[in-house]
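Chain A is the first sequence line, chain B the second, and so forth, proteins listed ahead of strands; every chain is numbered from 1. Side chains included, hydrogens not; waters and symmetry mates left out as well; all remaining heavy atoms used. Just so you know, these numbers come straight off a predicted model, no measurement behind them.
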Amino acid sequence: MINLKINGLDVSVEEGTTILEAARFIGFPIPTLCHNDGLSPYGACRLCLVEIGEPPRSKLVTSCTYPVEEGLIVRTDTERVIRTRKMVIELLLASSPMSKTIQDLASKYDVHQQRFKQEFEECIMCGLCTRMCEEQMMAKAIGFRGRGQNRSIGTPFDITSEECRRCGACMYICPICMARCQGPQEESPLCNACLNLSPPCVETYGQKMCYMDPCVACELAGPYRKDKQRKEKEESAPVAR
Amino acid sequence: MESDAQLETRHNADGELESVISMLERVQARYNYLPEEALRKVAAETGRSMVDIYGVATFYRAFSLKPRGKHLVSVCLGTACHVRGGPIIAEEFERQLGIRRGETTADKEFTLETVNCLGACALGPIVTVDGHYFSHVSTGRVKKILQQAREGLDVVEVKADERVFPVEVSCPHCNHSLMDERHLVDGRPSIRVTISFGKKHGWLCLSSLYGSYNVESEYPIPDNIVAHFFCPHCHGELLGTTDCPECGAPMVRMMIRGGGMVQICSRRGCKGHILDI
Ligand code: SF4
Ligand code: FES
Ligand code: FES
């Protein structure tokens, strides 16, 4: 058994467990995108970042691929983690804004802007479909091809593969295939953020966050959501001359 | 790939099958591209799925799925060469060959590609043709380089190599000199090694004149025989680092006094050799 600390809590788990599994086991939610319980860890999306070690020498690692170590100190909701996570979501939004999965992540994790050049990618190279095809369907019909900018997923020579048995698992697991709802702001990179909640506790309690999911306080806060308040304040503020 | 062509595979010392990359390298060297059948054969041979092989084949720039020209021209567009005018050189090549970068001429003579740094930045702009480096290339030299390539760069090289000069060599394992002062070949001290082939085991004296292929040996060596070469002092095999570029037989390696290495082909009659100073 390996003993480690996650958000101040002592945990002991079996060797070979990943931080993600350990954290989920005791109930700390960590968002993931390219992780799936039935598939091998891959570490492509960087959404599951957590902070390990003590500041100032702490560092961010992907919890889905990081095996637990004796005495490891893990924090899953520090400001740094939240900031970085938001940035990752923002980058995902910049590449594939039409995906419901990514939009949901954006709303859930309070991402209100997308400051990068907008692209409309059909693939974020999370590798879920290739792993699904290989590990669960035992087909290995699709895989990565090329590299760098030209990397893509598909069959060899782009012809119908003999190995594929049209099970559809690759489409089932794809996080990009499901299109988002076309809300009133469909033109913007962000959907209408109907789920958008900003936890009011972050600033008050700093690193001691509540782990209610979804956060009841935030949901109740409805009209007092911080972003709304901020906006109202800006609007009512006298214009400087 | 002719359908009857066999994909020969090799095994390493532990009897493991060689890696996919080295198989693909051999196919690429032989056909100048990777034909689809060859990829399928490699997949079948290694028991891997086609996507894996295809992934490797498309990942490395050294592999090409389309037939490449006989000569590969790489123009460096790395940072250093870029500021020294690499792009103009690339354009000149495009104009002269009538193709764009990444393409092959219709007569399958030349493939033009651009690369990002060939590791000789101080000599930029750099162009390599079939592995031969050209430094400080100017637009005016482009035509000449292509001309030279058409005539065959290797031919030019071998001629230059055939300057006959004496070498003194030693064993790469024990560093003992292999020179035999008493046994003269070509009127000079010879290089004495032990060779074995079939059930025969005996001495062999090679001419120490680089470019001369005269030998004397205890037993007559039949043509085309691939022999094993050993150091007469430490009995270590003088195994080369690569296979013969001409015939594919293993090379025999010896160190040159004063630095460098010479490799000769272990096949009797083959004149394949590599000189590295
Ligand atoms: S549909 Fe074909 S490619 Fe997709 S997971 Fe199934 S076997 Fe693999
Ligand atoms: S879930 Fe860990 S990197 Fe994607
Ligand atoms: S930049 Fe051309 S050799 Fe390095």
Hey, are A/Glu135 and A/Ser40 close enough side-chain-wise for a donor-acceptor pair under 3.5 Å?
yes
Examine whether an atom of B/Arg48 lies under 4.5 Å from a heavy atom of chain A, and if so say whether it belongs to the side chain, the backbone or both; otherwise answer neither.
neither
Does any heavy atom of chain B fall under 4.5 Å from the side chain of A/Phe157, the backbone, both, or neither of them?
both
Taking NZ, NE, NH1 and NH2 as the nitrogens, is one of them in A/Arg85 or A/Glu90 under 4.0 Å from a carboxylate oxygen of the other?
no
Heavy-atom proximity to chain B below 4.5 Å, by part of A/Ile153:
neither
With sequence neighbours excluded, tell me which residues meet side-chain contact (heavy atoms from CB on, under 4.5 Å) with A/Thr101.
A/Leu33, A/Ser99, A/Pro175
Can you tell which of B/Leu39, B/Thr58, B/Val51 has the highest number of heavy-atom pairs within less than 4.5 Å of chain A?
B/Val51
Listed once per pair and sorted, the ring pair (Phe, Tyr, Trp, His ring centres under 6.0 Å) pairs that draw on residues 33-54 of chain A, sequence neighbours left out
none
Which atoms of B/Ile53 come close to chain A, meaning under 4.5 Å heavy atom to heavy atom: side chain ones, backbone ones, both, or neither?
neither
Is the closest side-chain donor-acceptor distance between B/Ser49 and A/Glu163 under 3.5 Å?
no
